[in-house]
Amino acid sequence: MKQVRTRFAPSPTGFMHVGNFRTGLFAWLLARHHGGTFILRLEDTDKKREVEGSRQHILDVFNMLGLNIDEGPQTGGSFGPYVQSERLPRYKEWAQQLIDAGRAYADPYTAEEVQAFREQAQKEKRPFLYRNHRPENPPTWDGSQPLRFKSEPKPYEWRDEVMGDLKTGPEVIDDFILIKSDGYPTYNFAHICDDADMQISHVIRGQEFLASVPNYLNLYEALSIEPPTLATMPHILGADGNKKLGKRDGAKDVLDYVREGYLPEALVSFIATLGWNDGTEQEVFTVDELVQKFSLGRVQKSGARFDERRLLWVNGHFIRETALDTLYELSNDYWPEEAASSPDYYKKQVLGLIQERLKFLAEIPELTRFFFADLALNPELISGNKQLKKLEQAELKALLEQAKTSIESSDFTAEDLQNRLNQLLEQTGQKPAVLFSLIRIATTQAPASPSLAESMAVLGRDTTLRRIDMQLAAL
RNA sequence: GGCCUCAUCGUCUAACGGUUAGGACACCAGGUUCUCAUCCUGGCAAUAGGGGUUCGAUUCCCCUUGAGGUCACCA
C-alpha cells in the first residue's frame, strides 16, 4: 500500500470551529492509524478574507489538542513551502502546462459581463455554465485576466471512501478559474497542484466540495495526475436548525472550549464520535484508541448535530477519570482570586472534593469559593430549605450550639467528624436532612457543597468554628 | 430552478435480509445517612410516507416528502 499522507488545509480567515476542526482531526487520525504523515497547509490565496493571527490560531488548536503536525509552515518538511502564497511560481508552472496543452485560456470578459451571464441563467432557472460563453479566440494570457480551465465535459463515476460510489453527468463540468486576475490561484486549482506536489494520498474535506469533484477529476486528467483517494465528510450542524455549523450562527471557537476548561482528550473524543463510531457500544475513546480504531468506512454519511450537553457529559467523564495530581496541574489557571494565597496542598484537597461534580474547569471558582473566603450570611438558605424553615429560630440555634460543642472537641479528621455527626443524629433525634443541612449551611453559606464531614475537615477547625459562631450570632 | 448528497428515539448512534429495533446523552421516577453532583435501578422515546422484490425489509429497488450542499476572480 502506498504511503499514507493526509493534509488539513484551512484558509486563515478567522478562528476554527468544531466543524472545521473535525475534518483536520479525521485527517490526522487516518495518517496516524496508517503510520503515515500528517501535513498542515495554509490556503491563503484570498488576501481579502485573510484574518491577522489566524495562522497562529490554527497551530495553537492542533498544539493544544495534542495533534502533532509532521510537515507544515512551522515544522517544515521536504515538500514545502506549506503556505500557498509562497508557492505562486509553482502554480504558474502548472498553469503553463495547461496553456501549452490548449487546456487553459484567458477570460476576456469583464466581471460585469460574466455577472450578466450569470443573472441571465438565474432568470431562466438554469444553472450557470461559463463554458456556454467560452470565447472563440481568447486573447493571449498576460496575467491581467483570469485564467480559465478549458474543460472537457463528460460523465464521471468515482468512489468516495465515505459516500460510496458516486456519479454525475457532463452538465456539471465547467470552465472554472485557475488563476485570478490578482495572480493568486483559486482553491480549485491550487489544491490540486499542491496535493500532487506534496504526494497527498487521501483528500478529506467537507461536503461543500462534493459538487466540485467532477471538475477536479477533469482537471486531474488534463494534468495527467492520478487522483488521490477522496473522502467527503458530512457537515456538522448547529444545535438548533439544520444549518451547517458556521461562524455566523454562533459556532464557538475550539479554543474557547479549551479556555473554559474542557480537557483536550474529552474534546477529541467527543468530536471524533460526532459522525464516527467503531461499531461497538463504546462511548468515549482515548486518543490512542481512536488512532487504533479509526477508519473512513465507519464515518457517518449524514450530518450530525452538535449537542453541547453531550460534550459536557464527556468532559465530566474525563475529569473524573483523571488522576488528582494531573487534574490539579490542569486546574492552575482556574482558581478563584480568593485562593491566590492558599497553598497547593489545600487547593488539591479542595479539588479532590469537587472532582466528581466538576463539568469543566471554569466552574472551579463557583464550586470552591467558600473554601477560601467566608461568604456573607445568606438567610435564604435556611428560609428556603424545606426542612429547616419548619423549625423555630431558637430550635435551630440550640441545635447548632449542640453541634458546635461536639465539633469543637474533634481532631478534624473526616472520620472523626463523621462519627460525631452520627452521634449528634442520635442525641438530637433529628433527621440528617435537618441537622446536616443546618451545619452545612452554617459552615459554607453556599447553596451546594461536597459532603459535610469532608468539607469541614478541609476547612479546618478555625474556619469551621468561626463560621458556626457567625451563624449562631445571626439566629 | 438544474445537479448532487443525506434520512433509526428530542440528540449522537448500533443492528451478514430474520433482534421484544440495542447503547449513550438529555429528560422523568426511585435508591445511596444533608445540598449539588457522582454512582446504581427503573421509565419515556425511533426505522419520514407510499409502492415494489422476498417466506421475511430498518436493511435492496422505485416514487413522494423533508433536510443539506452546489451552480464565486471564497475556500
Side-chain angles (χ1 to χ4, degrees), chain A residues 9-11 13 43-46 48-49 107 111 114-115 118 121-130 145-148 160 162-164 166-169 171-172 174 176-188 190-191 205-214 232 234-235 237 239 241-244 270 273-284 300-314 316-317 320 354-359 367 381 385 387-388 418 421-422 425 431-441 444 446-453:
Chain A
S11 56
T13 53
E43 311 227 315
D44 61 338
T45 56
D46 185 351
K48 297 184 292 293
R49 291 208 312 152
D107 178 347
V114 176
Q115 183 58 26
R118 202 188 329 273
Q122 210 164 45
K123 213 165 71 183
E124 294 168 14
K125 294 192 183 293
R126 288 186 290 111
F128 170 64
L129 282 175
Y130 180 93
Q145 321 95 324
L147 183 70
R148 283 196 185 257
D160 184 288
V162 172
M163 293 299 177
L166 302 173
K167 62 175 182 208
T168 52
E171 68 281 357
V172 301
D174 197 15
F176 58 90
I177 290 177
L178 303 167
I179 297 190
K180 300 178 275 183
S181 57
D182 66 1
Y184 284 91
T186 58
Y187 166 84
N188 295 329
H191 90 273
R205 63 184 152 206
Q207 209 185 43
E208 64 271 29
F209 295 105
L210 201 52
S212 304
V213 168
T232 298
H235 284 140
L237 315 171
N242 297 310
K243 287 279 184 313
K244 162 190 157 188
F270 171 74
T273 53
L274 208 51
W276 174 88
N277 72 83
D278 73 341
T280 72
E281 289 185 350
Q282 187 167 348
E283 302 288 343
V284 292
Q300 207 74 14
K301 289 166 136 181
S302 54
R305 209 173 299 259
F306 177 84
D307 184 2
E308 213 168 87
R309 289 175 302 185
R310 190 176 171 89
L311 171 60
L312 212 54
W313 172 77
V314 172
H317 174 86
R320 291 189 293 276
I354 61 155
Q355 182 170 11
E356 70 185 23
R357 59 206 79 202
L358 199 57
K359 299 278 195 235
L367 257 33
L381 291 176
N385 182 296
Q387 298 287 341
L388 297 182
Q418 189 61 58
L421 289 173
N422 291 345
L425 283 179
K431 291 183 293 190
V434 171
L435 183 69
F436 291 1
S437 293
L438 177 62
I439 304 172
R440 195 183 60 75
I441 289 166
T444 66
S449 67
S451 73
L452 187 50

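In what follows, every chain begins at residue 1, and chains take the letters A, B, ... in the order their sequences are listed.
- In this model, the phosphate group of G69(B) is not approached by any side-chain N or O of Arg205(A) to a distance below 4.0 Å at OP1 or OP2.
- For A75(B), one of the phosphate oxygens OP1 or OP2 lies less than 4.0 angstrom from a side-chain nitrogen or oxygen of Lys180(A).
- OP1 or OP2 of C73(B) lies within a sub-4.0 Å distance of a side-chain N or O belonging to Arg148(A).
- The phosphate of A14(B) (OP1 or OP2) has a side-chain N or O of Asn277(A) nearer than 4.0 angstrom.
- Residue Thr45(A) has a polar side-chain atom (N or O) positioned under 4.0 Å from OP1 or OP2 of A75(B).
- In this structure, the side chain of His317(A) does not engage the main chain of Trp313(A) through any donor-acceptor pair within 3.5 Å.
- G1(B): Watson-Crick or G-U partner is C71(B), with both key distances under 3.5 Å.
- Neither OP1 nor OP2 of C73(B) sits under 4.0 Å from any side-chain N or O of Gln115(A).
- Between Lys125(A) and G2(B), a side-chain N or O to OP1/OP2 separation shorter than 4.0 Å is absent.
- Closest to the side chain of Val114(A), out of C73(B), A75(B), U35(B), is C73(B).
- Using Watson-Crick or G-U wobble geometry with both donor-acceptor distances under 3.5 Å, U58(B) finds no partner in any strand shown.
- For Arg310(A), no side-chain nitrogen or oxygen approaches OP1 or OP2 of A26(B) to under 4.0 Å.
- For Arg305(A) and U13(B), the shortest distance from a side-chain N or O to OP1 or OP2 is not below 4.0 Å.
- Asp182(A) places a side-chain N or O within donor-acceptor distance of the main-chain N or O of Tyr184(A), the cut-off being under 3.5 Å.
- Residue Lys167(A) places no side-chain N or O under 4.0 Å from the OP1 or OP2 atom of C4(B).
- G17(B) is unpaired under the criterion used here, namely a Watson-Crick or G-U wobble arrangement in which both key atom distances are under 3.5 Å.
- Comparing the C1' positions of A48(B) and A7(B) gives a spacing of 8 Å, expressed to the nearest Å.
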